[in-house]
Colleague: 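Take this structure first; my questions come after.
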Amino acid sequence: MSDNIMRTERLNKAFSLGETIYAVTDVSLTIPAGKIVAIVGPSGCGKSTLLSLLGGLDRPMSGDIFLENQSYRMLSEDGLALLRRRKLGYVFQFFNLIPHLTAVENVMLPMSFIGVSRPNAKKRATELLAQVGLAKRLNHLPLQLSGGEQQRVAISRALANNPALVLADEPTGNLDSGSKNDVLDLFKMFNEMNGQTFVLITHDASVAGIAQKVIHMVDGRVLEEK
């Protein structure tokens, strides 16, 4: 049995901006199960495009992605949407919380898409928010929370459906140093406690420093895995 939860085979993605610009070029990589993996590189090197492909939010021009041996290329759009709901969690730089929903309602939301009953969803959301230190903020709206607290809600939301893999795009890029360290501690905690697999997109060496595997990208290509 493979120790890798995800692998890619020769991914290519280009955009037409007057000329064809390749954001991801011939990328083959592996994501080991139960690890924190960082994808690092300078701005504009293709990291976020690669993350969109890994997350099934965009399709490559060629190549394939396998999550727990399920080929993305073989899935219909509905099948890919179902995979995103059940097997993937997402954390974004700017949190992307629903502003009119409370913290607990934001965490409950992804569970509603896979048919979890409201009482069970509320129970799990409450437990997750307690784990990230927000037991007293359950009924606060996003604007009533600090940036660090909003990102903790976002992490809880990403974990709501027990995903196989959590993808985080510059998850500390909008935080002060104290909040950044709190968020990194949470990634480490969930990784150590639950064996949760994380892929972190970052240009910050201190974020990459918590990873057990680091993948370097330059000009759309994987330069090095270590």
Side-chain angles (χ1 to χ4, degrees), residues 1-13 23-41 45-75 79-93 110 154-155 157-173 183-184 186-218 220-226:
M1 182 176 177
S2 173
D3 292 330
N4 296 317
I5 197 167
M6 174 178 274
R7 73 182 193 277
T8 73
E9 294 181 354
R10 306 195 69 173
L11 291 182
N12 289 281
K13 180 68 178 181
V24 171
T25 304
D26 201 31
V27 168
S28 297
L29 55 81
T30 57
I31 305 298
K35 303 294 184 183
I36 299 175
V37 177
I39 300 176
V40 303
C45 74
K47 302 187 304 294
S48 292
T49 300
L50 177 59
L51 196 76
S52 292
L53 297 175
L54 300 182
L57 301 170
D58 199 2
R59 295 271 196 178
M61 293 170 52
S62 61
D64 202 358
I65 302 162
F66 298 84
L67 176 61
E68 295 183 328
N69 294 318
Q70 171 65 65
S71 163
Y72 283 23
R73 188 171 59 191
M74 300 301 293
L75 291 171
L80 191 57
L82 187 61
L83 178 141
R84 288 195 301 265
R85 292 173 189 172
R86 292 187 178 277
K87 292 194 173 185
L88 293 168
Y90 304 89
V91 180
F92 303 96
Q93 180 176 349
I155 291 168
R157 179 184 60 186
L159 293 167
N161 288 340
N162 291 306
L165 178 62
V166 173
L167 304 168
D169 192 359
E170 298 284 3
T172 63
V183 164
L184 295 181
L186 288 176
F187 289 142
K188 289 189 289 185
M189 180 187 80
F190 284 113
N191 173 252
E192 292 168 4
M193 184 172 63
N194 301 332
Q196 180 65 56
T197 307
F198 291 95
V199 174
L200 314 179
I201 292 288
T202 186
H203 63 272
D204 186 332
S206 64
V207 176
I210 72 167
Q212 291 107 351
K213 179 176 182 177
V214 179
I215 298 170
H216 293 269
M217 283 192 75
V218 175
R221 295 181 180 272
V222 168
L223 186 67
E224 182 182 17
E225 294 188 54
K226 62 180 183 180

Colleague: Just jot down the ring pair (Phe, Tyr, Trp, His ring centres under 6.0 Å) partners of F187, sequence neighbours excluded, or say none.
Modeller: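 Counting only residues at least two positions away or on another chain, F187 forms a ring pair (Phe, Tyr, Trp, His ring centres under 6.0 Å) with F198.
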Colleague: Can you list, pair by pair, the side-chain donor-acceptor contacts under 3.5 Å of residues 80-89, counting residues two or more places apart and other chains?
Modeller:
{"residue": "R84", "atom": "NH1", "partner": "G56", "partner atom": "O", "Å": "2.7"}
{"residue": "K87", "atom": "NZ", "partner": "E68", "partner atom": "OE1", "Å": "3.0"}

Colleague: Only pairs at least two apart or in different chains count here, so list each salt bridge (Lys or Arg N to Asp or Glu O under 4.0 Å) that has a residue in residues 160-170.
Modeller: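 Qualifying pairs: none.
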Colleague: Just by distance, do the side chain of D26 and the backbone of R10 share a donor-acceptor pair under 3.5 Å?
Modeller: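 No, D26 side chain to R10 backbone: no donor-acceptor pair under 3.5 Å.
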Colleague: Compare every heavy atom of G55 with every heavy atom of Y90, then report the nearest pair and how far apart it is.
Modeller: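 The pair with the smallest heavy-atom distance is OH-O, 2.5 Å.
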Colleague: Please tell me if the side chains of N194 and M189 come closer than 4.5 Å, counting only heavy atoms from C-beta onward.
Modeller: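 When only atoms from C-beta onward are counted, M189 and N194 do not touch, as no gap falls below 4.5 Å.
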Colleague: Find the distance between OG1 (T25) and NZ (K13) and round it off to the nearest 0.5 Å.
Modeller: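 One gets 12.5 Å once the value is rounded to the nearest 0.5 Å.
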Colleague: Is the backbone N or O of G34 less than 3.5 Å from a side-chain atom of T197, with the two atoms forming a donor-acceptor pair by type?
Modeller: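 Yes, because the side chain of T197 sits within donor-acceptor range (under 3.5 Å) of the backbone of G34.
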Colleague: Measure the OG1-NZ distance between T30 and K213 for me, rounded to the nearest 0.5 Å.
Modeller: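 So the OG1 of T30 and the NZ of K213 are separated by 3.0 Å.
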Colleague: Please report the C-alpha distance between V199 and M6 in whole Å, then the side-chain angles of each, then the deciding distance to 0.1 Å, and finally whether the side chain to side chain contact (heavy atoms under 4.5 Å, CB included) criterion is met.
Modeller: CA-CA 10 Å; V199 174; M6 174 178 274; 5.9 Å; no
Colleague: Assess the residue pair V183 and V91 against the criterion (side chain to side chain contact (heavy atoms under 4.5 Å, CB included)); give the C-alpha distance rounded to whole Å, side-chain angles, the decisive distance to 0.1 Å, and a yes or no.
Modeller: CA-CA 11 Å; V183 164; V91 180; over 6 Å; no
Colleague: Quick one: OG on S52 to CG on L167, what's the gap to the nearest 0.5 Å?
Modeller: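 The CG atom of L167 is 9.5 Å from OG of S52, to the nearest 0.5 Å.
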Colleague: Side chain to side chain contact (heavy atoms under 4.5 Å, CB included), that's the test. Do I31 and I215 meet it? Break it down for me.
Modeller: CA-CA 10 Å; I31 305 298; I215 298 170; 4.2 Å; yes
Colleague: Supply the atom-to-atom distance L51 CG to D58 CG, rounded to the nearest 0.5 angstrom.
Modeller: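 Interatomic distance, L51 CG to D58 CG, rounded to 0.5 Å: 11.5 Å.
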Colleague: Would you say V37 and P32 make side-chain contact, with heavy atoms under 4.5 Å?
Modeller: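 A side-chain contact exists here, since the closest heavy-atom pair is under 4.5 Å.
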Colleague: Do L50 and L29 touch side chain to side chain, with heavy atoms closer than 4.5 Å?
Modeller: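 Side-chain contact under 4.5 Å: yes.
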Colleague: Determine the minimum heavy-atom distance between Y72 and R59, stating which atoms define it.
Modeller: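 Looking at all heavy atoms of both residues, the closest pair is O-NH1, 3.0 Å.
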Colleague: Could you go through the side chain to side chain contact (heavy atoms under 4.5 Å, CB included) check for V166 and F190 one step at a time?
Modeller: CA-CA 11 Å; V166 173; F190 284 113; over 6 Å; no
Colleague: Just how far is it from atom OG1 of T8 to atom CG of L53, taken to the nearest 0.5 Å?
Modeller: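 So the OG1 of T8 and the CG of L53 are separated by 9.0 Å.
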Colleague: Calculate, to the nearest 0.5 Å, the distance between atoms CG and CG belonging to L184 and L200 respectively.
Modeller: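 Result: 8.0 Å between the selected atoms.
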Colleague: Distance alone, cut at 3.5 Å: any donor-acceptor contact between the side chains of S206 and D204?
Modeller: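 There is such a pair between these side chains.
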Colleague: Minimum heavy-atom separation for A38 and A208, please, with both atom names.
Modeller: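 The pair with the smallest heavy-atom distance is CB-CA, 3.9 Å.
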Colleague: Does CE belonging to M74 count more than 12 external heavy atoms closer than 6.0 Å?
Modeller: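 12 or below, so no.
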Colleague: Locate the shortest heavy-atom distance separating K47 from G41; write the atom from each residue and the value.
Modeller: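 Heavy atoms of K47 and G41 come nearest at NZ-O, 2.9 Å.
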